[in-house]
Structure formats: structure tokens, C-alpha cells
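Worksheet for the structure shown next.
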2 protein chains.
Amino acid sequence: MSDRIKGVLSPVVTPFREDSTVDLPRFTEQCKWLQANQIGLAFLGTNSEANSISPDERIAMIDAVIDAGLDPKGMMPGTGSCNLPTTVRLTRHAVEHGCAGVLMLPPFYYKGVSDEGLYRYFSEVIQRVGNDGLRVYLYHIPPVAQVGISLPLIERLLKSYPSVVAGVKDSSGDWNNTQAMLTHFAPDGFDVFAGSETFLLQTLRGGGAGCISATANVNAPAIHALYNSWQGPDADSQQRDLDKIRQIFQSYPMIPALKAAIAHWSDNPSWTRVRPPLVQLEPQQHRNLIEQLQAAGFSISGLAT
Amino acid sequence: MSDRIKGVLSPVVTPFREDSTVDLPRFTEQCKWLQANQIGLAFLGTNSEANSISPDERIAMIDAVIDAGLDPKGMMPGTGSCNLPTTVRLTRHAVEHGCAGVLMLPPFYYKGVSDEGLYRYFSEVIQRVGNDGLRVYLYHIPPVAQVGISLPLIERLLKSYPSVVAGVKDSSGDWNNTQAMLTHFAPDGFDVFAGSETFLLQTLRGGGAGCISATANVNAPAIHALYNSWQGPDADSQQRDLDKIRQIFQSYPMIPALKAAIAHWSDNPSWTRVRPPLVQLEPQQHRNLIEQLQAAGFSISGLAT
């Protein structure tokens, strides 16, 4: 399993043109910057506004990064949706293009669904895609999806599809849950990713695979540095530094704040665009965010302009 | 506004083939049965499993009922989705085929979004569709979508698009909310539909337009009868009779229960199929449901076999 994708991944934020279409060239530039910083591309995630992007557009985004020559072994695009045919279509497209894995939301419209129903859903997706190269990373994000991935569900899926069901991203924000996933499944090679770098050090110490974090879009080198030296003497100090920056971003609506920071340090205001129902930061919020980040010694370098 | 769609509408349940594709001929037969019973076709709703159906399949379902010669003036298909391009595509397709209106969910993946963001979303959909014939019915179903339609949002949309924003379906289950919608907006011609027949009589007495109800799939003639005679002397008694049947269905998972009843009275077990994450009733549940319905004197007649 040593060829599995690990480390720090970013749900790459999605740039939009003035007419609200996806700015594919700018998107691939951002992906290049992230790969240059050793960050894996978990594009089409929650922080990518993936669920505000149509299936056709999502296909075009996968094609764009492949066509740009980026390494698919560093990619874990989000392919989940509410409906099975769309999820199958996106997943098949990703695996046929050599992506290391896919990050898969549970179907999230109907609430209070049973583990039996979710098992059938994931099972049917895996069978329909029918590709041995598929690696599915289950996406547990109950604060947003409301529909979660339970431990018994993981256990059952692992039993049925041991080589395909490769890991999980835990965005519950509940360390006890991440700990339980690590304890139950990591020893058998199941890769547990923390949902933010807040839990990166704990996750690695617990035998986890890394983190997939919104703020890896902006604080990429520092987060990767901790991943690289987590067994070193100053790991706890590095974690505390990461937490300070994360805290600042978390005190704003996350997606607009990430885009505001990228807009500022790439000197390109078009980065602030979001799709409804999200709204960009108010000008005063934008200024406050940048001031707070600067006061904390934060900056981003090397972004495409 | 007298040509607006009113009365009792059904979120038509969707039949699936053994390979899980939509059974279009069976679907159009069910729509014919409903129109023969004076029930409007709010197909592609929550109880239609619309969010488990891909955009391409949804387009094909609109085409199927149009091609079958059913009257689009009796149709209010659901065209909402999480993302704007898909919602625009489905809405445009429905309005270009002459549908009386569309029932539109708010984008429901991102939670805690602002009314400003939702206003921009609906506003952009309406502008992009750009068709004067469009009639949007806002779909308020917080128990499932988690993202709701507030009174200030309705007020703002009505101000901007008075001829397009035509009404609401209130599936909050909270009569106080329906009452507030009626009080604030119905006097100006905004059509308030109750989200179930439980509130049909109250809604009509309050100046509402009718109801869009799951159980109109099965208890169609009786619900329409109350709509037709709501000012008559036995309206309250009719309402109580409707409530008894509704109570039985509500004590099971609603969508599988509707399909079980249709399967039973059409003598066609294929109707029990649902798409994951939903699961059909257990055999014992299925038998109990039918027994309870029969004990209450309920049956469905005239279904296509």
C-alpha cells in the first residue's frame, strides 16, 4: 500500500470568471502551485464549491488538470453527489484518468437514511465503476452533509471491498471520532485523513495518513513542513503555529476568506468570486482578514498572478 | 392570475427498472392516472427521489410526459439542485416545454448560508433562464434540505420578480409558518401550497392555493374531493378522513410506503424499487401497511398494471 496517496492535501479553491464559469487556466495554475509545494490535489471538495458546480463542469475540471500535465498520482478529486449515476460517471472519469483516489460524499439530500441504504449506495457505485484501480476515500462531514459515515458502515464496506475502500476524511471536527477510526481501521492499512491540520499531528501520531485541509490552499508550505518533520523535536511548536493561522481563517466564512487571501497575495481580485449561495467577504472583512494575517507574519509567495 | 396552477398536486413517485434506470413508460402511465384524478404533476419532487436522479435522467422524464401528450399546464416539475448551472438547465427545459411552473429547492449542500446568498442564487437562475413564461414556486422543506426559504427572502424576490415568483410549497410542517406566508403574501396573488393534505383545509380557508402532497400519489380522489368541496358542510369530516390515511403512511418511511401501496393495488411488485440510499420496506412492514390500509377501508383503483 506504499503507493497510496498520503500527506497533506488541499480541497483546491475554484476560480470563477466574471460570467461565473470556471476559470480552468487559473485553476490549473493554482494546482501547479500546490503540487510544487508538495500538496496533494483534493480538488472538487467542499471548499472547492464542488457542489455548486455542475457534473459537466466537474468533468471539465478533471480533464483540465490532466491535460495540463499534472501528476494524477497526486490527485483525489471529489466525485460524490446526491445521485448514483452522477457519482458513477465522475468516479469512472477520475479513475480512468489515473487519479490516485476519489473523495466520496454520501448521498446527502435525504436525511436520516440507514447504514443499509448507504452501504447499498457505495456498493453499487463501486460495482458499476468496476475498475480495480479505484481507491475510494469516504468523506465524513456531518456538519455540512448531515449524513455521516459510521464505523459499522466502514467496517462493512471494508469487508466487501478491501482493496477499493482505501480510507476516510474525517471532517466531523470530533477528535474522538478520528481516534476511533484510527484505532479500528488504521492498523489494517486504512488511511485516515484529518479534515483539517488542527488534528494533523495527533492524526500522524495515531497512525493516520495526513490531512485534507481548507487552509492547505494558503498555508501550504508550513503545513507540509509539519507533515515532513512530525517526529522531530519542534513538531508541537509547529502545530501551534499552524493553529494560529487556522484560527484567523476560521473566524471568517472559510471559502470566501481563502479566496480573499489568494486574491491579495496573487494581486488578482478576480479570485474573490464565489458562486451563490456563498457570498464574498465584505470589503471591511477582507481588509481585516489581511491585516490579521499580516500581523501574524503570514504571507503567500509564488502564486500565479 | 387565474390561469395559474392550483389545487392538489402530487410529487409523482418514480418507478425504476430492475437495472435501476427510470421506467419511463410506467412513469407516464402513473402521471396519466393522476391527471385523470385531477391531480397536478409535481414530479421530480422529494418524494419522487428527484435528488437521487441525475440531471440527464430528469430531462428525459420531462420529455417523456410531454411526449406522452400529458398537459404541461398541469405540471410543476422540481428543477432545484445544489448547483446553479444544473438548476438553470432543468428550469429552462421545463418552461420551454410549457410547464405551468417549477418547484425550486434552494441550493442545499452548504449550510448556514445567508438570505443574501440565496437571493443571488434564485435571482441568477431567473435571469439566466430569461423566459417571461417562467413561474417559480419556492420549495421550503427545512427538515430535509436544512436550508430554508425565509419570509424576508420571499419578500425580496417578489419585489424583484413579481410575475415570475409565483408561490411557495411549505413543507416545514409548521402551521404557524404557513399561516405567516398566507398572511403576508397570499393577498397579493402569491400562491401558498401546503406541503401535505394535513393542512389542506386550513390552507384553503387562509386563502391558499392547495397542497402538494406525497399521499396524493395514493389517496388522490379523496384529497381532490376535499379541494373541490372545502366550503361545504362536511369539509372538516373529510379532512379527518384524509388525516387517518395520512397517519398510516406517515408511520412508515414515506417513499417506500407509497411505492408499496402502489405495488399492491397495481399488482406489480416492481413498484417497490427505490434507489439507494433509500431502502424498500421489509416484507413484514409491507404486509402490515397493507393490512392497516385495508382495515381503514382504503384502496386504490384504476392504476395501470
Side-chain angles (χ1 to χ4, degrees), chain A residues 16 19-22 46-47 49-58 80-90 105-125 128 141-147 153 253-256 274-280 282, chain B residues 16 19-22 46-47 49-58 80-90 105-125 128 141-147 153 253-256 274-280 282:
Chain A
F16 297 108
D19 66 0
S20 179
T21 55
V22 178
T46 295
N47 287 285
E49 300 171 72
N51 289 298
S52 299
I53 298 175
S54 75
D56 289 348
E57 292 175 313
R58 290 167 76 168
S81 77
C82 300
N83 74 82
L84 213 144
T86 296
T87 301
V88 168
R89 177 187 172 206
L90 297 174
L105 279 167
F108 53 82
Y109 181 69
Y110 297 98
K111 306 302 188 295
V113 296
S114 63
D115 271 6
E116 173 64 28
L118 292 173
Y119 174 80
R120 290 186 193 184
Y121 179 92
F122 285 113
S123 192
E124 200 165 323
V125 170
R128 287 211 208 172
I141 182 169
V144 184
Q146 305 282 327
V147 176
L153 176 62
M254 179 59 83
I255 298 170
V274 292
R275 273 197 179 168
L278 303 187
V279 293
Q280 61 194 57
E282 297 290 333
Chain B
F16 297 109
D19 67 359
S20 178
T21 56
V22 178
T46 295
N47 287 284
E49 300 171 72
N51 290 298
S52 299
I53 299 175
S54 75
D56 289 348
E57 292 175 314
R58 290 167 75 169
S81 77
C82 300
N83 74 81
L84 213 144
T86 296
T87 301
V88 168
R89 177 187 172 207
L90 297 174
L105 281 167
F108 52 83
Y109 181 69
Y110 297 97
K111 305 303 187 293
V113 297
S114 64
D115 270 6
E116 174 65 27
L118 292 173
Y119 174 80
R120 289 186 193 184
Y121 179 91
F122 285 113
S123 192
E124 201 165 323
V125 170
R128 287 212 208 170
I141 181 168
V144 184
Q146 306 281 328
V147 176
L153 175 61
M254 179 60 83
I255 298 170
V274 293
R275 274 196 178 168
L278 302 188
V279 292
Q280 60 193 57
E282 297 289 335

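Residue numbering restarts at 1 for every chain, and letters A, B, ... go by the order of the sequence lines. Every value quoted in this text rests on a predicted model; they were computed, and no experiment measured them.
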Next item on the list: Taking the side chain as every heavy atom from C-beta outward, state whether B:Pro107 and B:Leu118 have any pair of such atoms under 4.5 Å apart.
Entry: yes
Margin query: I'd like to check B:Tyr121 versus A:Ser52 (side-chain heavy atoms, cut-off strictly below 4.5 Å). Are they in contact?
Written below: no
Item checked: Pairs of heavy atoms under 4.5 Å with chain A: top-ranked of B:Pro277, B:Pro143, B:Gly117, B:Ala50 -> B:Pro277
Check: Is it the backbone or the side chain of A:Thr46 that comes under 4.5 Å from a heavy atom of chain B, or both, or neither?
Finding: both
Check: Non-hydrogen atoms of chain B under 4.5 Å away: do they reach the side chain of A:Ile53, the backbone, both or neither?
Finding: backbone
Item checked: Closest contact, heavy atoms only, B:Pro55 versus B:Leu90 -> O-CD2, 3.8 Å
Considering only heavy atoms and a distance below 4.5 Å, find which of [options] pairs most often with chain B.
options                                : answer
A:Thr21, A:Leu105, A:Val147, A:Ile255  : A:Leu105
A:Val274, A:Leu278, A:Val144, A:Val113 : A:Val144
A:Tyr109, A:Tyr110, A:Tyr119           : A:Tyr109

Notebook entry, point to check: Which residues pass the salt bridge (Lys or Arg N to Asp or Glu O under 4.0 Å) test with B:Glu116, sequence neighbours left out?
Noted result: B:Arg120, B:Arg156
Next item on the list: Check salt bridge (Lys or Arg N to Asp or Glu O under 4.0 Å) between A:Arg58 and all other residues, then give those that pass, not counting sequence neighbours.
Entry: none
Item checked: B:Glu49 versus chain A, the contacting section by heavy-atom distance below 4.5 Å -> both
Check: Relative to chain A, which segment of B:Pro106 carries a heavy atom at a distance below 4.5 Å: side chain, backbone, both, or neither?
Finding: neither
Next item on the list: State plainly whether the residues B:Arg89 and B:Asp56 are in salt-bridge range, i.e. N to O under 4.0 Å.
Entry: yes
